[in-house]
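What follows is a short report on a single structure.
Here the structure is a predicted model, which is why all the values come from computation and not from measurement. In the text below, chain A, chain B and the rest are named by the order of the sequence lines, each starting its count at 1.
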Number of protein chains: 4
Amino acid sequence: MATRQEQRSEETKNSILTAARQLFANRGYDTVTMREIAKEAGCSHTTIYIYFKDKETLLQQLSMPPLQALMERMDALSEQKTASEEKLEAVSLAFIEFCLANRSMYSLFVNVKAGRVDEQSPQLEINKIRNDIFAKLSRMVQASLLLAVTDEQLLMCTRIYFYTLHGIVATYEHSEETVEMLMDRLTPTFRQAISVLLSGFRETCKET
Amino acid sequence: MATRQEQRSEETKNSILTAARQLFANRGYDTVTMREIAKEAGCSHTTIYIYFKDKETLLQQLSMPPLQALMERMDALSEQKTASEEKLEAVSLAFIEFCLANRSMYSLFVNVKAGRVDEQSPQLEINKIRNDIFAKLSRMVQASLLLAVTDEQLLMCTRIYFYTLHGIVATYEHSEETVEMLMDRLTPTFRQAISVLLSGFRETCKET
Amino acid sequence: MATRQEQRSEETKNSILTAARQLFANRGYDTVTMREIAKEAGCSHTTIYIYFKDKETLLQQLSMPPLQALMERMDALSEQKTASEEKLEAVSLAFIEFCLANRSMYSLFVNVKAGRVDEQSPQLEINKIRNDIFAKLSRMVQASLLLAVTDEQLLMCTRIYFYTLHGIVATYEHSEETVEMLMDRLTPTFRQAISVLLSGFRETCKET
Amino acid sequence: MATRQEQRSEETKNSILTAARQLFANRGYDTVTMREIAKEAGCSHTTIYIYFKDKETLLQQLSMPPLQALMERMDALSEQKTASEEKLEAVSLAFIEFCLANRSMYSLFVNVKAGRVDEQSPQLEINKIRNDIFAKLSRMVQASLLLAVTDEQLLMCTRIYFYTLHGIVATYEHSEETVEMLMDRLTPTFRQAISVLLSGFRETCKET
DNA sequence: AATGAATGAGTGTTCATTCAT
DNA sequence: CATGAATGAACACTCATTCAT
């Protein structure tokens with residue numbers, strides 16, 4: 001039973017998260033100050049420390065939900081009843097769009113050192129999601145190839161597929177265009193890239 | 001005939017450059033402080049200002065020579081008398097190797113805002129090199145396709161080719177493995193990626 | 001109803017103002033550092049930035065109120081129902097006393113570059129006050145002359161009158177005597193100076 | 001017998017003095033850096049320390065000769081065979097011109113604390129010159145009055161005379177006009193001021 | 001005599017964070 | 001729960017000065 005106080009508290013926390021999300025996305029983690037977040041959230045900067053141990057923690061708490069949302073969206077798309085290649089395309093475009101919409105998160109997502117098992121949970125969590133995404137795409141790539149490949153071949157293809165996805169996002173990571181502008185302008189190119197890779201994979205795997 | 005003093009001076013300058021290179025590479029331009037560089041270089045932070053006007057200048061002096069070296073190497077490789085595809089492969093691997101060997105430079109190289117024609121020269125210089133590399137690779141991609149393509153098709157192929165190269169480098173940008181380790185381990189994958197792209201390009205361009 | 005916290009805050013602000021006033025007065029604006037002011041005020045140097053945007057703002061906030069007080073006092077004195085010459089004397093002595101009581105302000109007041117109409121407001125404000133004072137004294141000098149003079153003559157007389165006032169203040173600007181000591185000791189001299197100037201003006205204007 | 005080395009040494013010292021004089025005059029003592037002086041003088045900044053203990057010493061060594069030159073000029077002018085009032089005028093204008101031509105020196109000249117007998121010599125020296133000038137002007141004022149006055153009256157007149165001179169200089173101390181421009185534009189006003197003071201003195205002293 | 005190399009102290013300013021209320 | 005007050009550490013950069021040659 002949430003008292004009125006608890007409700008208000010939750011509201012404050014949310015407004016902080018929302019403000020921080022927006023500012024981090026637009027201006028990058030380092031540039032944004034706690035005071036700016038507080039001003040945007042409509043509270044004192046000291047209040048933030050009631051809810052979050054420090055700036056870094058705030059960032060990490062911020063990054064989990066969207067990543068989970070991405071996972072869910074990718075799952076949903078991959079369960080649709082369409083051809084494998086179409087599904088891969090849809091999921092890939094969703095991934096690209098998400099990454100461009102959350103550019104600051106993206107660098108966090110990508111740069112967290114892999115494997116450091118001894119670290120605290122938030123990094124591990126992110127690591128886990130990253131591996132999940134990799135595995136998911138790997139399966140979809142396989143399904144789209146329409147031919148049998150060895151594990152080794154699949155790993156190689158998935159890696160190459162990832163390189164390109166990562167490269168796409170990295171190319172526009174610091175662009176000043178909005179996600180919408182970028183997606184409008186470049187979706188055909190992205191589609192083409194996927195198509196090129198798949199047909200290249202097929203050719204290459206066939207030969208061996 | 002360099003006096004002993006001049007020698008020592010040169011050493012100091014080099015140790016600053018080395019320290020800065022390393023720190024920029026590991027921790028990014030913004031995060032590194034002049035005092036850290038000085039400590040790493042074994043001198044006072046004010047000494048840095050004897051050799052470099054300011055932090056930005058230090059960064060730029062650091063980045064130009066290797067980029068020029070890369071250009072020269074790419075030129076040399078592209079003039080060899082081998083098949084187009086082999087040349088493209090050699091040049092691309094050289095590009096990847098260089099970028100991984102100079103990871104800090106890479107993010108500098110990639111992130112400099114494009115086009116700002118009104119800016120001062122150093123950024124322009126980098127911009128110019130970037131465009132040169134793009135043009136060079138574009139030409140080599142065309143030669144490797146072994147079939148006629150429209151300008152539009154070529155632009156799209158080059159873009160996709162770049163995405164993948166960029167993605168490869170970005171993927172290992174923060175890895176703790178040395179360049180040598182990475183190249184040893186992954187050169188086959190990189191070759192494969194190039195081969196996949198080329199055969200994908202050919203398939204895709206043929207169709208239309 | 002001021003809370004205890006607000007009270008303390010006000011105290012801090014005042015101690016900063018007091019410290020700054022004193023140090024600026026004794027050692028000049030440029031020479032004084034924010035850290036010195038803080039030490040004198042008994043707080044951290046960063047605390048100053050809570051109350052004042054920057055060093056310049058601190059200086060300006062310091063200077064406006066006393067100048068406005070001076071204006072008001074001069075206005076009040078000039079509206080009294082006494083002989084013109086007595087009023088001029090009273091106003092002039094008030095001006096001298098004020099300037100000696102606020103020596104740091106004085107150099108600020110005097111040194112602000114004239115006329116720069118394109119500058120931000122605070123300098124303009126001071127400029128305006130200075131012009132007001134000049135105009136006010138000019139009118140009173142004219143009234144005290146008891147004879148008709150051309151505009152040109154009046155301008156010259158006012159300038160000379162100002163030179164002497166300015167010279168009086170400048171002479172004792174760096175004296176270690178308090179205002180009270182100086183006024184006690186020198187008021188007769190100052191009166192005499194005014195009287196000398198007026199009779200000199202009359203003689204000189206008569207001739208032409 | 002000056003060796004060639006001694007000659008060169010003297011030259012260097014002089015070029016430092018010349019450079020410093022110019023820079024101090026144009027930009028003020030605090031703003032000028034040792035490196036700037038060195039560059040202007042055509043030597044290394046370390047060389048300055050061979051000839052002058054530190055920046056302050058340089059300033060003081062710089063200030064004595066012109067002051068002595070002023071003294072000599074004032075003496076020469078006061079020994080001419082013209083009417084007393086003309087001599088006073090000539091000497092006063094020379095004083096004003098000198099002070100405006102050496103503005104940075106002027107503040108040094110004026111601000112040196114009076115009387116501090118325990119201080120080192122350079123300050124005393126300046127003090128002495130200041131007193132000399134005061135005495136000299138005092139005598140000339142007396143001669144120009146053309147009537148007998150008590151010591152007390154003379155002191156008062158001299159003080160007032162000084163206030164005005166000082167005020168004139170202080171008024172234009174921070175002006176951006178050159179000495180020449182100022183003297184061209186304002187010499188009539190200065191003459192008038194002197195004339196006003198003298199006739200005021202006469203009137204006032206007559207009465208008592 | 002002269003200099004290039006080097007440095008410590010210091011500049012104004014910002015920021016994440018803590019404390020007292 | 002929430003906040004204004006306060007702070008120490010840090011930033012890039014400058015300067016007068018000293019040291020070794």
Side-chain angles (χ1 to χ4, degrees), chain A residues 3-6 8-13 30-38 43-56 58, chain B residues 3-13 30-38 42-56 58, chain C residues 3-13 30-38 42-56 58, chain D residues 3-6 8-13 30-38 43-56 58:
Chain A
T3 66
R4 216 164 300 157
Q5 228 184 46
E6 276 167 343
R8 298 243 298 165
S9 173
E10 198 62 25
E11 273 171 38
T12 305
K13 185 169 181 176
D30 279 336
T31 317
V32 174
T33 74
M34 294 299 260
R35 277 178 154 85
E36 282 172 326
I37 297 171
C43 68
S44 162
H45 61 283
T46 55
T47 303
I48 302 179
Y49 290 92
I50 298 169
Y51 299 100
F52 307 93
K53 193 181 140 295
D54 55 22
K55 200 182 174 185
E56 207 182 338
L58 172 56
Chain B
T3 67
R4 213 164 303 157
Q5 215 182 130
E6 277 167 342
Q7 247 175 291
R8 297 245 299 165
S9 172
E10 199 64 25
E11 275 172 37
T12 304
K13 185 171 182 177
D30 279 337
T31 318
V32 174
T33 76
M34 296 301 261
R35 277 174 160 86
E36 281 173 327
I37 296 171
C43 68
S44 161
H45 64 280
T46 56
T47 301
I48 301 179
Y49 290 93
I50 297 172
Y51 298 98
F52 306 94
K53 195 184 137 298
D54 55 22
K55 200 181 174 185
E56 206 182 340
L58 172 55
Chain C
T3 67
R4 212 163 303 156
Q5 214 182 126
E6 277 167 342
Q7 247 175 288
R8 297 245 299 166
S9 172
E10 199 64 24
E11 275 172 38
T12 304
K13 185 171 181 176
D30 279 337
T31 318
V32 174
T33 76
M34 296 301 261
R35 281 171 164 85
E36 281 171 328
I37 296 171
C43 68
S44 161
H45 64 282
T46 58
T47 301
I48 302 179
Y49 289 92
I50 297 171
Y51 298 98
F52 307 93
K53 195 182 137 300
D54 54 22
K55 200 181 175 185
E56 206 181 340
L58 172 54
Chain D
T3 66
R4 214 164 303 157
Q5 228 182 46
E6 276 166 345
R8 297 244 297 165
S9 174
E10 199 63 25
E11 274 171 38
T12 306
K13 184 170 182 178
D30 279 337
T31 317
V32 175
T33 74
M34 295 299 260
R35 277 179 155 84
E36 282 172 326
I37 297 171
C43 69
S44 161
H45 61 283
T46 56
T47 302
I48 301 179
Y49 290 91
I50 298 170
Y51 298 99
F52 307 93
K53 194 183 138 295
D54 55 23
K55 201 182 174 185
E56 207 181 338
L58 173 55

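- Side-chain N/O atoms of A/Tyr51 include one lying less than 4.0 angstrom from OP1 or OP2 on F/dA2.
- Comparing C/Val32 and B/Gly42 by the nucleotide of DNA chain E that holds the closest heavy atom to each, the one mapping nearer the 5' end is B/Gly42.
- Nucleic acid contact class of A/Thr33 (heavy atoms, under 4.0 Å, all strands): sugar-phosphate only.
- In this entry the distance linking CZ of C/Phe52 with P of E/dT13 reads 13 Å, nearest Å.
- OP1 or OP2 of F/dA2 lies within a sub-4.0 Å distance of a side-chain N or O belonging to A/Thr12.
- With rounding to whole Å, B/Asp54 atom CG is found 11 Å from F/dA12 atom P.
- Across all strands shown, E/dT21 forms a Watson-Crick or G-U wobble pair, both distances under 3.5 Å, with F/dA2.
- When the C1' atom of F/dT7 is taken as reference, atom CD1 of C/Ile50 falls 8 Å away, rounded to whole Å.
- The partner of E/dT7, taking Watson-Crick or G-U wobble pairs whose two distances both stay under 3.5 Å, is F/dA16.
- The side chain of B/Gln5 approaches E/dA5 more closely than any other nucleotide in the set E/dT17, E/dT14, E/dA5.
- Computed from coordinates, the B/Arg4 CZ to E/dA5 P distance equals 16 Å when rounded to whole Å.
- Residues D/Glu36 and D/Thr31 share a closest heavy-atom pair of OE1-O, 3.9 Å.
- Of the side-chain N and O atoms in C/Ser9, one or more sit less than 4.0 angstrom from OP1 or OP2 of F/dA5.
- Regarding B/Leu58, its CG atom lies at a distance of 11 Å from the P atom of F/dA12, rounded to whole Å.
- Side-chain atoms of B/Ser44 lie closest to E/dG8 of the nucleotides F/dT14, E/dG8, F/dG8.
- In this entry the distance linking OH of D/Tyr49 with P of E/dA1 reads 18 Å, nearest Å.
- Taking only side-chain atoms of A/Thr47, from C-beta outward, the nucleotide of E/dT13, F/dT3, F/dC13 with the closest atom is F/dT3.
- Rounded to whole Å, the distance from NE2 on C/His45 to P on F/dA6 is 15 Å.
- Summarising the geometry, the separation between CD1 on D/Ile37 and P on F/dC15 is reported as 12 Å, rounded to the nearest angstrom.
- Contact annotation: D/Thr46 side-chain N/O to E/dG4 OP1/OP2 distance is not under 4.0 Å.
- Between C/Thr33 atom OG1 and C/His45 atom NE2 the span is 9.5 Å, to the nearest 0.5 Å.
- Set against E/dT11, F/dC13, F/dA5, the side chain of C/Arg35 has E/dT11 as its closest nucleotide.
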